[in-house]
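Residue numbering restarts at 1 for every chain, and letters A, B, ... go by the order of the sequence lines.
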Amino acid sequence: MKKDLGVFFDNYLNKQPLFLDKKALQSNFTPANITHRDEQIEHLAAVLAPALRMDKPSNIFMYGKTGSGKTCVSKHVTEQILEAAQKKKVNLHIYYLNCKLKKVADTEYRLIAELARNFHIHIPSTGLPTEDVYKRFVEQLDKEEKLVILILDEIDQLVSKTGDGILYNLTRLNGELKKCQLSIIGISNDLMFTDNLDPRIKSSLSEEELVFPPYNALQLQDILRARAEIAFKNNILESGVIEKCAAYAAREHGDARRALELLRVSGELAERKNQDKIKINDIDEAEEKIEKDRVLDIVKTQPKQSQIALYSIMHTCNNGKQIFTGDVYEQYKEVCKIIGYKPLTQRRMGDIIAELDMFGIINARVVSKGRYGRTKEINIAIPSNSLDKINVILKEGLGI
DNA sequence: AGGTATTCACATGAAACTATTCTCTGAGTTAGG
DNA sequence: TAACTCAGAGAATAGTTTCATGTGAATACCTGT
């Protein structure tokens, strides 16, 4: 049976959109002027400025929680300095790499390979010793006189995963380079990151440091207003909307990214409901939706074994009773038998449970029951109204 | 009663293993001169 | 003899397994009063 959607689409097109330019609320948007980050911008610019005279800028380290403007500031400053360099005909290259990107830059090999690819060297995704990749990279770099600034975002993730050898190698690279010079800008979410770093690396890498304090609610409001100006038509925000978004995000260590997302999703919801204004309770709805989508997305993209684990947890966890690792493992083995999967070891199970905990899908807390051992106490952390949906997804995915 | 020793049921760590994907190298093969 | 083919050695990586060691506190076991 085919339903005539013509009317629906006509309605959609006739509708006045609330958005003028949705891009301004998306996370990769770099606004022309950044609010409340003047100090950091100036500092970063001052550190990088020597590049315009072909002097190597100091390495710099930037700390700050997520959504405190680190990436934004660095992009802003580097764009401008690139422009200036072009005018002055300075051979300056700037590369931005997010070390968290799976399959792109999350290991030493891939990081260097990705850099090398920026210089148009073909590096295969595997098969080469890492040393060779370095060699090829250095060769290419050193072909002409130039300055390279490397921005490594979320560098803490990379180091915690693969150790600090990469940083050592990178800082050492300057010694091997004859014509070319390399500066590193490290960006980290973890404020304690350099504490457990080799002191030599630490000193050479953080010649300069830049701290990004979290935004407070008022600053978030300013940011939101500036972006809303670009993103929305005039007068479609009910009063108090900005304030509430800011307040929500301020609660979460001043994460501007969250605030913007909240505003965007609120707008989308309002638009879908054919409202001509964004109302305050759209925000609550938006927050719920964001959380729900996040969880759903995680559940869907988990590997099968994790899904089985989660399914087992959900089915052991009936009627809110306390459950422990052992219970889950027993149930898990049952489920595996039913759907014909080879069960993993309990050791692995423990890790999977820890992963699910990290995602915030479950809460797992180590408790000691004295004589009766030590284990993890597990609770489901999903709001009950999306439990059913997740159950369906899991059953579908596992073919039960 | 108060103190210490045990003991449980896993947690947590490190290293080794497996399977897959992909490269490089050099021996053997082929085809043209 | 140069070009080609192809097997074998070796890397990177994700996901595990194996082995080893750690651990918080309820209980069992003393000990002296």
Side-chain angles (χ1 to χ4, degrees), chain A residues 97-140 152 154-155 157-170 196 198 298-313 316-317 321-337 339-359 361-379 397-398:
Chain A
L97 263 185
N98 189 325
C99 305
K100 212 177 65 180
L101 287 182
K102 282 251 180 288
K103 307 266 179 187
V104 176
D106 57 343
T107 68
E108 177 166 19
Y109 180 93
R110 296 217 258 248
L111 179 80
I112 305 301
E114 187 60 27
L115 286 175
R117 285 190 200 112
N118 275 321
F119 287 92
H120 311 293
I121 318 170
H122 173 74
I123 301 281
S125 62
T126 173
L128 246 51
T130 310
E131 277 302 298
D132 278 23
V133 185
Y134 267 109
K135 222 187 297 167
R136 293 185 190 190
F137 178 54
V138 168
E139 250 168 48
Q140 181 70 27
L152 300 176
E154 318 228 25
I155 197 170
Q157 304 268 332
L158 178 63
V159 170
S160 68
K161 197 178 152 195
T162 62
D164 53 11
I166 311 155
L167 296 182
Y168 179 72
N169 287 333
L170 278 177
N196 29 17
D198 188 310
I298 291 172
V299 171
K300 264 187 227 161
T301 54
Q302 279 303 293
K304 280 274 181 294
Q305 292 286 5
S306 298
Q307 292 188 349
I308 302 174
L310 181 58
Y311 182 81
S312 311
I313 292 171
T316 319
C317 209
K321 236 172 43 195
Q322 295 297 350
I323 57 165
F324 306 100
T325 307
D327 308 337
V328 173
Y329 189 60
E330 287 307 309
Q331 174 80 29
Y332 161 81
K333 280 196 291 193
E334 282 299 307
V335 177
C336 277
K337 203 192 272 176
I339 62 177
Y341 266 73
K342 187 169 161 277
L344 303 174
T345 50
Q346 182 157 334
R347 175 71 188 82
R348 179 68 188 129
M349 210 28 155
D351 284 346
I352 289 180
I353 289 173
E355 282 163 26
L356 291 173
D357 178 46
M358 284 271 290
F359 286 128
I361 293 178
I362 62 176
N363 285 320
R365 187 165 61 96
V366 208
V367 290
S368 180
K369 295 188 289 173
R371 191 68 221 260
Y372 305 106
R374 218 166 102 90
T375 178
K376 272 189 184 137
E377 184 186 290
I378 299 162
N379 289 303
L398 302 173

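- Here the side chain of A:Thr130 is nearest to one of C:dA12, B:dA11, C:dT16, namely C:dA12.
- For the pair A:Arg347 and B:dA9, the criterion of a side-chain N or O lying under 4.0 Å from OP1 or OP2 is not met.
- For the atom pair A:Ile378 CD1 and A:Ile362 CD1, the distance stands at 5.5 Å (nearest 0.5 Å).
- Across the protein-nucleic acid pair, A:Lys376 atom NZ and C:dG24 atom P stand 15 Å apart, rounded to whole Å.
- Distance, A:Glu108 CD to C:dA14 P: 14 Å, rounded to whole Å.
- Comparing atom distances between the A:Ser368 side chain and each of C:dA26, B:dT21, C:dG24 picks out C:dG24 as nearest.
- For C:dA11, the OP1/OP2 oxygens have no side-chain nitrogen or oxygen of A:Thr126 closer than 4.0 Å.
- Between the CD1 atom of A:Ile123 and the C1' atom of B:dC24 there is a distance of 14 Å, rounded to whole Å.
- Taking CD1 of A:Ile123 as the reference point, atom CG of A:Asn118 lies at 11.5 Å (rounded to 0.5 Å).
- A:Arg110 has a side-chain polar atom (N or O) that falls below the 4.0 Å cut-off from OP1 or OP2 of C:dA14.
- Between the CZ atom of A:Arg348 and the P atom of B:dA14 there is a distance of 16 Å, given to the nearest Å.
- Between the side chains of A:Gln305 and A:Tyr332, at least one donor N or O lies within less than 3.5 Å of an accepting N or O.
- Residue A:Arg374 is the one, among A:Lys369 and A:Arg374, whose nearest nucleotide of DNA chain C lies closer to the 5' end (criterion: closest heavy atom).
- Heavy-atom nearest nucleotides on DNA chain C were determined for A:Glu131 and for A:Lys342, and the one closer to the 5' end corresponds to A:Glu131.
- The CZ atom of A:Phe324 sits 18 Å away from the P atom of B:dC8 (whole-angstrom rounding).
- Nearest to the side-chain atoms of A:Tyr109 among the listed nucleotides C:dA26, C:dT17, C:dT13 stands C:dT13.
- Considering every non-hydrogen atom in both A:Leu158 and A:Ala105, the closest pair reads CD1-O, 3.9 Å.
- Per the geometry, CG belonging to A:Leu344 stands 16 Å off P belonging to B:dT18, to the nearest Å.
- Taking atom OH of A:Tyr329 as the reference point, atom P of C:dT17 lies 8 Å away to the nearest angstrom.
- Among the nucleotides C:dT17, B:dC22, C:dA14, the one closest to the side chain of A:Ser125 is B:dC22.
- In this structure, of B:dA11, C:dT16, C:dA26, it is C:dA26 that holds the atom nearest to the side chain of A:Tyr372.
- Rounded to whole Å, atom P of C:dT16 lies 11 Å from atom OH of A:Tyr341.
- Considering only side-chain N and O atoms, A:Thr325 lies under 4.0 angstrom from the phosphate OP1 or OP2 of B:dA11.
- Residues A:Arg136 and A:Glu139 are not paired through a salt bridge, judged by the lack of any N-O separation under 4.0 Å between the basic side chain and the carboxylate.
- For A:Arg371, counting side-chain heavy atoms from C-beta on, the closest listed nucleotide (B:dC22, C:dT13, C:dT27) is C:dT27.
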